[in-house]
**Q** 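Here it is, the structure, as structure tokens.
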Amino acid sequence: NAGVTQTPKFRILKIGQSMTLQCTQDMNHNYMYWYRQDPGMGLKLIYYSVGAGITDKGEVPNGYNVSRSTTEDFPLRLELAAPSQTSVYFCASSTGQKNSPLHFGNGTRLTVT
Amino acid sequence: QKEVEQDPGPLSVPEGAIVSLNCTYSNSAFQYFMWYRQYSRKGPELLMYTYSSGNKEDGRFTAQVDKSSKYISLFIRDSQPSDSATYLCAMIYSGAGSYQLTFGKGTKLSVIP
């Protein structure tokens, strides 16, 4: 099993550009999440989904959008990129039970200049 | 006061040392406690999970929870260079959804051969 796969691994954007961060999982997990990790700031939840067609905002959703058309895929869309969105983005999935682990991808490093 | 406090380090120890990593929290409703390990340029992975107060042991790792003091610890015995990583504590309260997992900022550990 590949687990959670994120693409691309790295990206440099100019201010105002848009892009989509891709995330796919092969564990048939209903729950999927997008986090951003800034140095010294821990993991902040951007958006999450409890199943196909259902998404909701996390702690820091502004400037981002998501969709969940299939169980496997949970893309994150950045519109009008800003320097404040420079970060490492992690996608994760889980069964949704509190005692089940979150399975993380290896992240997308995004720089906005 | 933030809900979860974790000393970011960095912490540097010689190989074979006993390592103690700690988090404090303010919300007494937290019931489930986890430690994630994150290697450089990788996503976090679940290392230990505990529910109740007391100790839980897994090989060289021991997770300790003291709910009366709102304090959790991760001990690593006979530390190895391969233990060099960032360790994130995480916790969630019993009535919460899995998306409400709260992470500490992480402690960066280096084990020197």
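Predicted model, so just to flag it, every value in this text is computed and none were measured.
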**Q** Are there more than 12 heavy atoms of other residues, nucleotides or ligands under 6.0 Å from atom NZ of B/Lys67?
**A**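 Atom NZ in B/Lys67 is packed in, count exceeds 12.
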**Q** Does B/Leu11 belong to the same Ile/Leu/Val/Met/Phe/Trp/Tyr cluster as B/Val111, with side-chain heavy atoms less than 4.5 Å apart forming each link?
**A**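 Yes, B/Leu11 connects to B/Val111 through the hydrophobic network.
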**Q** To the nearest 0.5 Å, what is the distance between OH (B/Tyr36) and CZ (A/Phe104)?
**A**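 The OH atom of B/Tyr36 sits 5.5 Å away from the CZ atom of A/Phe104.
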**Q** I'd like to check B/Pro44 versus A/Leu43 (side-chain heavy atoms, cut-off strictly below 4.5 Å). Are they in contact?
**A**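 Yes. Closest side-chain heavy atoms under 4.5 Å.
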**Q** Heavy-atom distances under 4.5 Å only: say whether A/Phe10 touches chain B with side chain, backbone, both or neither.
**A**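 Side chain of A/Phe10 only, per the 4.5 Å heavy-atom cut-off to chain B.
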**Q** Can you tell me if B/Ser98 and A/Tyr33 form a side-chain donor-acceptor pair at under 3.5 Å?
**A**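 Short answer, yes.
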**Q** Starting from B/Phe103, can I reach B/Tyr49 by hopping between I/L/V/M/F/W/Y residues whose side chains sit under 4.5 Å apart?
**A**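 Yes, same cluster.
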**Q** I'd like to verify something: which residue of A/Gly107, A/Pro39, A/Gly96, A/Ser94 has the highest number of heavy-atom pairs under 4.5 Å with chain B?
**A**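 Of the options given, most contacts go to A/Gly96.
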**Q** Does atom CD1 of A/Ile12 have more than 12 heavy-atom neighbours from other groups under 6.0 Å away?
**A**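 No, not enclosed.
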**Q** Where the side chain of A/Asn106 meets the backbone of B/Lys42, is there a donor-acceptor pair that is under 3.5 Å apart?
**A**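 A pair under 3.5 Å: no.
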**Q** Below 4.5 Å from any heavy atom of chain A, which atoms of B/Tyr39 appear? Answer side chain, backbone, both or neither.
**A**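 Contact with chain A involves no heavy atom of B/Tyr39 at all.
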**Q** Looking only at heavy atoms, what is the nearest atom pair of B/Lys105 and A/Met41, with distance?
**A**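 Smallest heavy-atom distance, with atoms named: CG-C, 4.0 Å.
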**Q** Applying side chain to side chain contact (heavy atoms under 4.5 Å, CB included) between B/Tyr99 and each of A/Leu45, A/Asp56, A/Leu102, report the one that passes.
**A**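 Among A/Leu45, A/Asp56, A/Leu102, the one that satisfies the side chain to side chain contact (heavy atoms under 4.5 Å, CB included) with B/Tyr99 is A/Leu45.
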**Q** Would you mind checking which part of B/Pro8 comes under 4.5 Å of any heavy atom in chain A, side chain (CB onward), backbone (N, CA, C, O), both or neither?
**A**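 When you check distances to chain A, no heavy atom of B/Pro8 falls under 4.5 Å.
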**Q** Given heavy-atom pairs under 4.5 angstrom as the criterion, report whether the side chain, backbone, both or neither of B/Gln38 touches chain A.
**A**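 Contact with chain A involves the side chain of B/Gln38 alone.
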**Q** Let's test your reading of the structure: which of B/Arg41, B/Gln31, B/Met34 forms the most heavy-atom pairs below 4.5 Å with chain A?
**A**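 Answer, by heavy-atom pair count under 4.5 Å with chain A: B/Arg41.
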**Q** Taking a hydrophobic cluster as the set of Ile, Leu, Val, Met, Phe, Trp and Tyr residues connected by side-chain heavy atoms closer than 4.5 Å, whether directly or through intermediates, do A/Phe74 and A/Val50 fall within one such cluster?
**A**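 As far as the 4.5 Å side-chain criterion goes, A/Val50 and A/Phe74 are not connected within one cluster.
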**Q** In terms of heavy-atom proximity below 4.5 Å to chain A, should B/Tyr93 be classed as side chain, backbone, both, or neither?
**A**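 Just the backbone, heavy atoms under 4.5 Å.
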**Q** Could you check which of A/Glu59, A/His103, A/Lys9, A/Gln37 has the highest count of heavy-atom pairs closer than 4.5 Å to chain B?
**A**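 Going by pairs under 4.5 Å, I would pick A/Gln37.
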**Q** A/Ile15, A/Leu78: one ILVMFWY side-chain cluster at the under-4.5 Å cut-off?
**A**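 A/Ile15 clusters together with A/Leu78.
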**Q** Treating Ile, Leu, Val, Met, Phe, Trp and Tyr as nodes and any side-chain heavy-atom pair under 4.5 angstrom as an edge, say whether B/Trp35 and B/Leu88 lie in one connected cluster.
**A**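 No, B/Trp35 and B/Leu88 fall in different hydrophobic clusters.
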